[in-house]
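Read the structure below first, then the notes.
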There are 2 protein chains.
Amino acid sequence: MKGNTKERIIESAKQLFADQGYQKTTIMDISRQAGLSDAALYEYFRGKEDLLIAIPDLWVRELLEDLDEQLFGIKGAANKLRKFLWWYIRRVEHAPLDAKIVYLHLKTNSNFLANEVYSNVKRLYSYILDIIEEGRSSGEFRADLMPNLARDVFVGTMDHLVTRWLLKDRSYSLFDNLENIFDIVMDGFKSNPSSGNRRTHETIPLAAEADVQGSEKC
Amino acid sequence: MKGNTKERIIESAKQLFADQGYQKTTIMDISRQAGLSDAALYEYFRGKEDLLIAIPDLWVRELLEDLDEQLFGIKGAANKLRKFLWWYIRRVEHAPLDAKIVYLHLKTNSNFLANEVYSNVKRLYSYILDIIEEGRSSGEFRADLMPNLARDVFVGTMDHLVTRWLLKDRSYSLFDNLENIFDIVMDGFKSNPSSGNRRTHETIPLAAEADVQGSEKC
DNA sequence: ATAATTACCTAATGTTATTAGGTTGATTAA
DNA sequence: TTAATCAACCTAATAACATTAGGTAATTAT
């Protein structure tokens, strides 16, 4: 047909991989859903693995292109990290199938590290490192905060949220409580202005809300 | 031979899965390394997937048994979390093949959530939740710290460290910088004793965080 | 001693990824 | 115009596995 065959294959594969998993999806499943024979698929991709990698490759590339623009004009390291998180989480929510493949099916693959997807993901995360370094030299973050470790905390938390959301079949919004989680992480980063802590307004006489755990704050 | 056939199979599978990945390891690889025919393996396991799950199942069960004892007698939530982290990281370093299967090859599997391994991992993590709750009610942690979110930060960071270490072929020690990372996370948890902060030896003249705008509730 | 059971085996069977080797119809080169 | 090339497919192998069928020989139970 037209030149959209490759896209049809990718779209079919994306759905099927995310839905049934990589192993349980057959080439026949994919080529049939794309309206082709098995053999024809091999005109577009070297094989099943190649196809698996092609999907997130495209997505991560898009992310990378968008990121600069998103952060443009935002002042302050904490604000930038915040923007990064909100932006990323929204992208994940809008492309859950791509995210699922990246988070659940790609790490399994031995070629992952050698792959371009991986280096692009690293580039994405290196933005975080830069922001943290900026925050440290401006004094917004603690002077003794090691940037690479702070990045590990940030990325680790973020990835954990996404992974669990995907495993739980995205049955809730990723934005639930995002604000609070971000605050917890940031509290570990920020300088301690020897007084007036943003969060000390409660200073509960403790023991009071022993068992409150669902709905918090205010 | 003796009654150790099942163990031999598990040991072979563990090595091969961790080394070549689940997909690229064949039943023949495993049964041959265990000194058996393919068919004999099916006397011990229902199939390849069943075998994959049997490995971490055993490991996680052991972890769970050991944990109570490890935490016994430790006072204070932060100290308990510290002990948990150090204990867990050491267990991972001592059983990297099991860890690799849990972290890289298991999530892929669609049966994972329905599986007992998953519920045991959850039970492991629920200890963390309990400790954090204890820390909050004792006043050691901030009163407005939502325990489940704090757990996400803790677990997320921990899992991130382990995952990267595994992906990088365990080419360094997981304990490098563990102390510093732990401190960063704890700083987000702990109450701010309106003075004398452990890390404030720098006490930057602030002014840098003039532009904090992030829609701060309350 | 005989029946049942254990711990294996070899040889199918069926599913899949991948390849060989076309066909068809359009485009280009002579 | 006609012959050659190429693109975009196809059907039908091939070969690698996972899994099953059906058997054997040795051990254990009755």
Side-chain angles (χ1 to χ4, degrees), chain A residues 1-58 101 104-106 108-112 114-115, chain B residues 1-58 101 104-112 114-115 117:
Chain A
M1 309 226 162
K2 279 160 263 159
N4 63 351
T5 304
K6 193 165 183 174
E7 283 168 33
R8 281 204 329 275
I9 295 172
I10 287 190
E11 205 50 44
S12 304
K14 191 189 291 190
Q15 275 175 33
L16 290 164
F17 284 156
D19 206 48
Q20 321 176 330
Y22 176 74
Q23 304 161 48
K24 284 173 187 156
T25 301
T26 70
I27 291 288
M28 210 190 88
D29 290 342
I30 300 167
S31 56
R32 246 177 112 199
Q33 186 159 121
L36 282 172
S37 70
D38 294 12
L41 187 146
Y42 286 85
E43 299 284 326
Y44 297 90
F45 298 94
R46 291 227 199 104
K48 205 180 166 187
E49 285 216 341
D50 191 39
L51 185 47
L52 176 71
I53 287 172
I55 298 165
D57 182 62
L58 204 63
I101 289 165
L104 305 184
H105 297 286
L106 209 59
T108 294
N109 200 293
S110 49
N111 312 59
F112 176 51
N115 200 279
Chain B
M1 309 229 163
K2 280 159 263 154
N4 62 351
T5 304
K6 193 165 183 173
E7 284 168 33
R8 279 200 334 270
I9 295 171
I10 287 191
E11 205 50 44
S12 304
K14 192 189 288 189
Q15 276 176 31
L16 290 163
F17 285 156
D19 205 48
Q20 323 176 329
Y22 175 75
Q23 302 162 49
K24 283 174 188 155
T25 300
T26 70
I27 291 290
M28 210 190 87
D29 290 340
I30 299 167
S31 56
R32 243 176 113 201
Q33 186 157 124
L36 283 171
S37 70
D38 293 14
L41 188 147
Y42 287 85
E43 299 283 326
Y44 296 90
F45 299 94
R46 291 225 200 103
K48 205 179 165 186
E49 286 216 339
D50 190 37
L51 185 47
L52 176 72
I53 287 172
I55 297 166
D57 182 62
L58 204 62
I101 290 165
L104 305 184
H105 298 285
L106 209 61
K107 283 178 191 149
T108 295
N109 200 294
S110 50
N111 310 60
F112 176 52
N115 199 279
V117 180

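Order of the sequence lines fixes the chain letters, A, B, ..., with proteins taken first and strands second; residue numbering starts at 1 for each chain. FYI, side chains are in, hydrogens and waters are out, and symmetry mates aren't considered; it's all heavy atoms of this structure. Just so we're clear, the structure is a prediction, and the values are computed from it rather than from any experiment.
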Rounded to whole angstroms, how far apart are NZ on B:Lys24 and P on C:dT18? 11 Å

Without decimals, in angstroms, what is the distance between B:Asp38 CG and C:dA7 C1'? 16 Å

Give every pair of a protein N or O atom and an N or O atom of nucleotides 21-28 of chain D that lie under 3.5 Å apart, one pair per line with the distance.
none

Rounded to whole angstroms, how far apart are CG on B:Leu36 and C1' on C:dT10? 14 Å

Interface residues of residues 25-34 of chain A with DNA chain C (non-hydrogen, below 4.0 angstrom): A:Thr25, A:Thr26, A:Ile27

Listed partners of B:Tyr22 passing ring-ring contact (aromatic ring centres under 6.0 Å, His included), at least two apart: B:Phe17

Within this structure, what is the CD-to-P distance between B:Glu49 and D:dC17, rounded to whole angstrom? 18 Å

Where A:Glu49 and B:Gln23 come nearest, the two heavy atoms and their spacing: OE2-OE1, 4.4 Å

Are the side chain of A:Lys14 and the backbone N or O of A:Ile101 linked by a donor-acceptor pair below 3.5 Å? no

Pairing residues for B:Ile53 by the side chain to side chain contact (heavy atoms under 4.5 Å, CB included) criterion, not counting sequence neighbours: B:Leu106, B:Asn115, B:Val117

Atom CG of B:Leu51 and atom P of D:dT19: how far apart are they, to the nearest Å? 10 Å

Whole Å only: how far is the NZ atom of B:Lys6 from the P atom of C:dT6? 14 Å

Taking only residues two or more places apart in sequence or in another chain, which ones pass side chain to side chain contact (heavy atoms under 4.5 Å, CB included) with A:Asp50? A:Phe45, A:Arg46

Roughly how many Å is it from CG in A:Asn4 to C1' in D:dA8, rounded to a whole number? 13 Å

A:Ser31: side chain to side chain contact (heavy atoms under 4.5 Å, CB included) partners, not counting sequence neighbours: A:Leu36, A:Asp38, A:Leu41

Using the test salt bridge (charged side-chain N to carboxylate O under 4.0 Å, His left out), find all partners of A:Glu43 that sit at least two apart in sequence or belong to another chain. none

Does D:dC9 have OP1 or OP2 sitting under 4.0 Å from an N or O in the side chain of A:Thr5? yes

Please name all residues satisfying side chain to side chain contact (heavy atoms under 4.5 Å, CB included) with A:Gln33, sequence neighbours left out, ordered by chain then number. A:Ser12, A:Gln15, A:Leu16

Contact residues, residues 10-19 of chain A to DNA chain D [heavy atom, < 4.0 Å]: none

Residues which pass side-chain hydrogen bond (donor to acceptor under 3.5 Å, both in side chains) with B:Thr26, listed by chain and number, not counting sequence neighbours: B:Asp29

Minimum heavy-atom separation for A:Ile9 and A:Ile30, please, with both atom names. O-CG2, 4.0 Å

To the nearest Å, give me how far apart CG (A:Leu41) and P (D:dT11) are. 15 Å

Which nucleotide wins on minimum distance to the side chain of B:Ala40, given the candidates C:dT18, D:dC9, C:dC9? C:dC9

Of the listed D:dC9, C:dC9, D:dA18, the closest approach to the B:Tyr42 side chain comes from D:dA18

Nearest heavy-atom contact between B:Leu52 and B:Pro56 is O-CD, 3.0 Å

